[in-house]
Protein chains: 2
Amino acid sequence: MATGRTHRPATRSRGIPEATVARLPLYLRALTALSERSVPTVSSEELAAAAGVNSAKLRKDFSYLGSYGTRGVGYDVEYLVYQISRELGLTQDWPVVIVGIGNLGAALANYGGFASRGFRVAALIDADPAMAGKPVAGIPVQHTDELESIIQDNGVSIGVIATPAGAAQQVCDRLVAAGVTSILNFAPTVLTVPDGVDVRKVDLSIELQILAFHEQRKAGEEATAEAPAAPAAARRSSASGRDSGTDQGPDGDVPAVMPA
Amino acid sequence: MATGRTHRPATRSRGIPEATVARLPLYLRALTALSERSVPTVSSEELAAAAGVNSAKLRKDFSYLGSYGTRGVGYDVEYLVYQISRELGLTQDWPVVIVGIGNLGAALANYGGFASRGFRVAALIDADPAMAGKPVAGIPVQHTDELESIIQDNGVSIGVIATPAGAAQQVCDRLVAAGVTSILNFAPTVLTVPDGVDVRKVDLSIELQILAFHEQRKAGEEATAEAPAAPAAARRSSASGRDSGTDQGPDGDVPAVMPA
DNA sequence: ATCTGTGAATTGTTTCACAGCT
DNA sequence: AGCTGTGAAACAATTCACAGAT
C-alpha cells in the first residue's frame, strides 16, 4: 500500500505478500525478547502468541522467507532473528531525518527503539530559526535551509515528516527532490509523491475514528448477547452541540504543535 | 483486526468491510476541506483524488453506506459529511483519556484535530507524582491513582496509551477493568485484552521497518550486478535430496547459527 | 453526456487440514 | 509424538465494466 504505482509488472522476484511484510517486525520484536532471555528455540504456537497472531498465519508467513524451522522442534531463535533482520533490510544502517521538531518530532527523536535497530537519526530539521542549534535528544536542530545538503551529505533515503499539515506536502516535495524515497508521514494530510517513492502514514485521528466506529456499534448492540463485565451504561457525554464543520483548525487538524 | 474473537456469524447488520471503515476518515477529511471552501458537490473522481484512492474504490465504499450520490452529478458535500460522520459515530462526543504524559503524550494532548472532531480529552494521566497538577495543553495532569474514578466519572470508553512499553499492559488492564473498551496503543508492545475490547496500535519502528524493506528492495533492483540478494538456494525445499546447502549469505558471512 | 451504483471477475489474505520430516 | 511447511478452500478486498439514473 502507500505507493500508488510502483509495481514492476512482472517481477517474478521475491514476492513476499505485503501483509506478511507488515508482520515481520512484530515477529522480530518477539524474537528479540526471546533472544534476550536466551531462549534457544520456539514453536510457531509460542511465537505466534507472543506476537499476537495465530500460528497458521505465522507459519505461512515464514514459508515465504524459506524453510527456517525444524519439524518436530520449532525455530532457532537467533537464526530467525538474523533471517528476518536481513529480509527487512535491518542488517544495514539507515540514516533518517526528522522534519518538524515540535512535541511530536521531539518525541520521535527521543524514541529509543529508533536508534536501536538499524535506524539512526542523521538530523533533526525545523523551519523555526529559533530552534536552530538547540539540541533535542542530544542532536542539534538544523534549519530547513539545510535540508537538501543534509540529505545528500548523509545519503538519507528515509524521511519522517512531523510538521503541521500545511507544511507537509512542501517538505515532502523537497525531501523527494533531494533523494528521499521513503517517507513516514505523521501530518494529517494526503501526500502526493512520484512513482517509486513509498509513503506510509500514521494518523491519530484516523485511528480514533476507526475506534469510534466500532465503539458505536458495540453500544448499539446492547440488546443482544451476554452482558460484558463493564456496565457500559452511562456512556455518552453532554456537550453534543457540535457537528458539521465548525472547528477551529482549517481542516488542517494540526498535529502536535510546533512553532510554525 | 484488533478484535480478537467477535464471531457473530449472521449479524444481518450493516456489514461495512473493515477496509472501508478505515478509509471513511480519509474521505471525511477531504470532504470537510471541500465544505470549508463551500464546494457544493463533488464527483467520485475528484473526491477520490483528494483522498488518495481511486474512484472505483470510493464508489464501492460509499455503496456500503447507501446511495448518497446523484448520477450524472456527484455527491452533495454537506450531506456526505453528515452521513459519514454519523456512520463513524462522530455526531456524539467521545471523552478520551491519555495515559503517559511524556513527550509523546504531550504531543497527543496538543494535537488539534483531536478535540476538533468528536473527541474530547477528558483527562491526562501519568504515574509520576511530580507531574500531578501540572497543566499540559491546558489540562492538569492527574496521577495514575485516579485512573479508575476518572474513567467512571467521565464515562470514558476510549483510552490512549502513551507510556513506556513496560507499563503498557498494566495500564491497559486497569483501563479495561474500569470500563474502557477501545484502546489506541502507542507503546511498542503487544497488548492482551479480553474479547469485546478493540485495540489499535501505532508503532513507529514497525512503520520504519516496513519502509526499510521496500527501500532495500529498490536498492537491490537498480544495481542488478552487485549483490543480487541471497542465492536463495535452499528456498522452496522442492530441491530433491540434499537441501542443507549453504543458503543465506548476502554478500558477507552470516553468524552461522546452525540450521539444524 | 455524464457520473453513480453494483454485479462479476480478479487479486490478495487467512484459515484449514494434513503430508512429511525429525 | 510433535511440529513445520504448504496445497487447497474459504474469505476479503479491489478492480473492471457497464446498466441505469439524471
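In what follows, chains carry the letters A, B, and so on, assigned in the order in which the sequence lines appear, proteins first and then strands, with residues in each chain numbered from 1. Just so you know, these numbers use all the heavy atoms, side chains as well, and skip hydrogens, waters and symmetry mates.
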Inset, instruction - Could you tell me whether A:Gln92 atom CD has more than 12 heavy atoms of other residues or ligands within 6.0 Å of it? - result: yes
Inset, instruction - Go through the N and O atoms of the side chain of A:Arg71 and the base of C:dT22, and report whether any donor-acceptor pair is under 3.5 Å. - result: no
Legend entry - Phosphate OP1/OP2 of C:dT14: any A:Asn54 side-chain N/O under 4.0 Å: no
Legend entry - Ring centroid separation B:Tyr79 to B:Tyr68 under 6.0 Å: yes
Inset, instruction - Output yes when at least one side-chain N/O atom of B:Ser44 is less than 4.0 Å from OP1 or OP2 of C:dC3, else no. - result: no
Inset, instruction - Look at B:Thr70 and C:dT4 and indicate whether a side-chain polar atom (N or O) is within less than 4.0 Å of OP1 or OP2. - result: no
Inset, instruction - Starting at atom CZ of A:Arg59, determine the distance to atom P of C:dC16, rounded to an integer number of angstrom. - result: 11 Å
Inset, instruction - Report the distance from atom CG of B:Leu47 to atom C1' of C:dT4, rounded to the nearest whole Å. - result: 13 Å
Legend entry - B:Gln169 CD: over 12 foreign heavy atoms closer than 6.0 Å: yes
Inset, instruction - Take the protein atom OH of B:Tyr64 and the nucleotide atom P of C:dG7, then report the distance between them rounded to whole Å. - result: 10 Å
Legend entry - N or O in side chain of B:Lys60 less than 4.0 angstrom from D:dT14 OP1/OP2: no
Inset, instruction - Mind calculating the distance between OH (A:Tyr68) and P (C:dT22) to the nearest angstrom? - result: 17 Å
Legend entry - Protein-nucleotide distance (A:Leu65, atom CG; D:dT4, atom P), rounded to Å: 15 Å
Inset, instruction - Run through A:Leu28, A:Leu58, A:Asp61 and flag the one making a side chain to side chain contact (heavy atoms under 4.5 Å, CB included) with A:Arg23. - result: A:Asp61
Legend entry - Short side-chain N/O contact to C:dG5 OP1/OP2 from B:Tyr75, under 4.0 Å: yes
Inset, instruction - Round to a whole Å and report the spacing from NZ of B:Lys57 to P of D:dC16. - result: 11 Å
Inset, instruction - Using whole Å, report how far CZ of B:Phe62 lies from P of C:dC3. - result: 16 Å
Legend entry - A:Arg23 side-chain N/O to C:dT14 phosphate OP1/OP2 under 4.0 Å: yes
Inset, instruction - Can you tell me the distance, in whole Å, between the CD atom of A:Glu18 and the P atom of D:dT14? - result: 13 Å
Inset, instruction - Begin with the C-alpha distance, continue with both residues' side-chain angles, and end with the deciding distance and a verdict on salt bridge (charged side-chain N to carboxylate O under 4.0 Å, His left out) for B:Asp198 and A:Arg217. - result: CA-CA 12 Å; B:Asp198 274 319; A:Arg217 172 165 299 189; over 6 Å; no
